[in-house]
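Nothing here was measured: the structure is a model prediction, and the numbers come from that model. Numbered from 1 within each chain, the chains take letters A, B, ... in sequence-line order.
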There are 2 protein chains.
Amino acid sequence: MATAQEVCRLAGVSTATLSRTLRNPELVKEDTRNKVFSAIEKTGYRPNFLASSVKTGKSNTIMVLVPNLINPFFLRLIHGIEDAAKEHSYSVLLCNTQGDPARENEYAAMTLSNRADGIIHLDHSFPFSDSDKGLAEKVPMVSIGEKIRADFDYPVIELDNFAATRALALHLVSYGHTRFGLIAGKKNTRISQDRVDGIQSVLRSENIDFSDDMIVGGAYTIECGQQGAIDLMNSKTPPTAIFCLSDDIAIGAIHQLKQMGFRVPEDVSVVGFDNITASAFIDPPLTTIDQPAHEMGVRAVQVLMSQIKGNALKRQREVLPFLDLLERKSSGSAVNSVVAKA
Amino acid sequence: MATAQEVCRLAGVSTATLSRTLRNPELVKEDTRNKVFSAIEKTGYRPNFLASSVKTGKSNTIMVLVPNLINPFFLRLIHGIEDAAKEHSYSVLLCNTQGDPARENEYAAMTLSNRADGIIHLDHSFPFSDSDKGLAEKVPMVSIGEKIRADFDYPVIELDNFAATRALALHLVSYGHTRFGLIAGKKNTRISQDRVDGIQSVLRSENIDFSDDMIVGGAYTIECGQQGAIDLMNSKTPPTAIFCLSDDIAIGAIHQLKQMGFRVPEDVSVVGFDNITASAFIDPPLTTIDQPAHEMGVRAVQVLMSQIKGNALKRQREVLPFLDLLERKSSGSAVNSVVAKA
DNA sequence: AAATGGACTGCAATCGATTGCATCAACTGT
DNA sequence: ACAGTTGATGCAATCGATTGCAGTCCATTT
């Protein structure tokens, strides 16, 4: 690779002019510029990204902390992040924390050594260790999903989970369901709470009982959906309709219900959350909430970039509306359910 | 953030000793080391990653070029890559080329400016533009899947596609199938060719005809699987068994076949390729080939690291065996197929 | 006691850019 | 014709590390 010196010698200019030609062309006279460009062309010179980064103190990189690469919802988020980052000439460092706090912390600490200019955080924990907390105060960060640490100032991009599950609940109530179950991803998170609250807000006004023991689950996985279906259907009052807090959970639940001899939706209705690609193609196609995943990723980058540029944060929470309730075939009337008759 | 100077002043040492304490501790006397460490602790100092990278010329980053973030198979690969990279203290720059050569080229060129030390390439094209080709010769690179440019020296990690589809074909033949269709991802690629050859090697020895017009498709997507099923079932001699070259394709095909009134596997058997998580949970559960995706990612990193460290390449192609033929419920006997009778 | 050698440590150059300041030429206005 | 601008360029310091070389100190050898 040609060095800057060679280019400069060939073009008959100083390194200062070389640098200006590339970064602030308007400061350089046109024919000088052309000389420089043709010298660059001839030598195949590329400015060393690392060197300019040391000097400017910006790595033009954002770090994405993701708990796993299985949940298809994260992929749509990452896709959005990637697109938006590219728009800003930023690169994306993908960090799979595997839900491990130590690993998460290790990655997050990399921002403290200029490895990245900011963090987009998809996990529902706090990525910095206590010892780094003080230092972390200056690291631009935005969370997607929910915010854990109230004592720490960073913005969050979230979905209007309350409204989304309200829509789902209204949908199921309109079919005449009165016995509900719910399979959660992570329990005791704000997301889960908001979603349960959304459901309750509908059921209460309909005087339908929905108690905590009808909430099972604990992971956003297919396997969790299977186990959740087993638990719910074996309870004293098995539900005729099941809210699944992700499409993966719903896929597992439907699979298990069929395995157990229940028809979906004739005996049990199942609704999901996320709208992953596969959910339109399972049997029956899944009724679900379409999340604006790509847009959430894009917004996260925008907010982060504005932090990186040093702007004050305008809003601490940004709540996006859900896109749509997709009514497909996994939900329907409860009148002929063998479960209800039992 | 504390600077190196402060740490040095506090510890009463030079920056040289600071650096050595962190990078080559064995060169520093123990009590000096301790003084340095406690000064680091006190100040919260972190060495600037960018600065050390300029000096060493290594960015400790590998770039992963991926055509999309939809195909779940890529995710397992990326997972493996990430794990292995972390093992080597390397970070992963995720670059979504979206199948666009311009975008791909733009990313690849970043290695030329020390943005990354090497490339792992999951697309089936050649990431560098012709003008960069000369420069690219020195960039460590490894491809996963297949190699496109014969004139360019870089290693490939591939699956034994031939053996895999042979296993699938033997499986289907043992059920008595004689009329086959195939829905490909990208046609005219080495992968597709090898897979078709594997099938042919079985069918020829059974004297079963399998002509090119029974090969449809063109993308590794669910939608392509749907369209492929339509095309195949509307042909003059519709097949009783369909090879799908990815699980996503198979999911689309099965969905479509059911839509068209065919039973799977009673009328038409469908087999997939990849073993993504969802494929065990669709109806019917998919017979498929389990690819060692994680391991392929890991191997790719190992080979790349050895290139980065300057070792000569030992093998140009590394062919991994497939893990398993998972016989599930989407494939079965052809005797009662309405398709065969028609 | 002098010489040898090994273990530590510091000085200062270096990596490859960016950028404030100085310089110089050309142009403007009076 | 001359002072004052303006525009374009170069000089050299700087970013924050790493590292070759040289110097110091102390223990060992003869």
Side-chain angles (χ1 to χ4, degrees), chain A residues 1-37 39-40 43-61 89 109-117 135 138, chain B residues 1-37 39-40 43-61 89 109-117 135 138:
Chain A
M1 174 80 73
T3 76
Q5 329 306 327
E6 293 177 48
V7 180
C8 291
R9 188 158 2 100
L10 199 64
V13 298
S14 70
T15 61
T17 302
L18 207 207
S19 174
R20 280 190 282 255
T21 306
L22 292 170
R23 311 290 167 196
N24 302 87
E26 71 280 6
L27 296 179
V28 181
K29 199 161 54 166
E30 192 174 344
D31 31 326
T32 317
R33 236 167 15 201
N34 291 336
K35 275 190 295 182
V36 173
F37 280 133
I40 288 176
T43 53
Y45 165 81
R46 308 277 171 142
N48 184 319
F49 157 80
L50 294 165
S52 60
S53 288
V54 209
K55 189 58 177 144
T56 60
K58 290 262 162 286
S59 62
N60 283 58
T61 303
S89 306
M110 285 170 35
T111 52
L112 299 173
S113 45
N114 291 46
R115 190 72 185 74
D117 297 340
L135 302 169
K138 285 158 247 148
Chain B
M1 174 80 74
T3 75
Q5 328 307 326
E6 294 178 48
V7 180
C8 291
R9 188 162 358 102
L10 199 65
V13 298
S14 70
T15 62
T17 302
L18 208 207
S19 173
R20 277 191 284 256
T21 306
L22 293 170
R23 311 290 167 196
N24 301 87
E26 71 279 6
L27 296 179
V28 181
K29 199 163 51 167
E30 192 174 343
D31 32 325
T32 317
R33 234 164 20 200
N34 291 141
K35 275 189 296 182
V36 174
F37 280 134
I40 289 177
T43 53
Y45 166 81
R46 309 277 171 142
N48 184 318
F49 157 81
L50 295 165
S52 61
S53 288
V54 210
K55 187 57 176 151
T56 60
K58 291 262 163 284
S59 62
N60 282 57
T61 303
S89 306
M110 284 169 37
T111 52
L112 266 20
S113 45
N114 291 46
R115 190 73 185 73
D117 297 340
L135 302 168
K138 285 157 247 149

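We find that NZ of B:K35 is positioned 13 Å from P of C:dC8, with the value rounded to whole Å. Taking atom CG of residue B:L18 and atom C1' of nucleotide D:dA17, one finds them 10 Å apart after rounding to whole Å. Between B:L27 atom CG and D:dT18 atom P the separation is 13 Å, expressed in whole Å. Residue B:K58 contributes atom NZ, which lies 17 Å from atom C1' of D:dA17 at whole-angstrom precision. At whole-Å resolution of the value, CG in A:L50 and P in D:dG16 are 15 Å apart. Taking atom CG of B:N48 as the reference point, atom P of D:dC15 lies 12 Å away to the nearest angstrom. Following rounding to the nearest Å, A:N34 (CG) and D:dA8 (P) show an atom-to-atom distance of 14 Å. When the P atom of D:dC15 is taken as reference, atom CD of B:Q5 falls 8 Å away, rounded to whole Å.
To the nearest 0.5 Å, atom CG of residue A:L50 and atom OG1 of residue B:T61 are 8.0 Å apart.
No side-chain heavy atom of A:V36 sits less than 4.5 Å from a side-chain heavy atom of A:L22.
Of the possible polar contacts, none joining the A:S113 side chain to the B:N48 backbone as a donor-acceptor pair under 3.5 Å is found. Side-chain atoms of A:S53 come within 3.5 Å of backbone N or O of A:K58 as a donor-acceptor pair. When atom types are taken as modelled, the side chain of A:R115 and the backbone of B:F49 share no donor-acceptor pair closer than 3.5 angstrom.
Here the side chain of A:K29 is nearest to one of D:dA8, D:dA17, C:dA17, namely D:dA8.
Remark: B:T21 engages no residue in a side-chain hydrogen bond (donor to acceptor under 3.5 Å, both in side chains) (not counting sequence neighbours).
The side chain of B:S14 places an N or O atom within less than 4.0 Å of a non-bridging phosphate oxygen (OP1 or OP2) of C:dG10.
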Report summary line: Given protein heavy atoms under 4.0 Å, the one-letter contact record of nucleotides 19-24 of chain D, with B base, S sugar-phosphate only and - none, is simply BB----
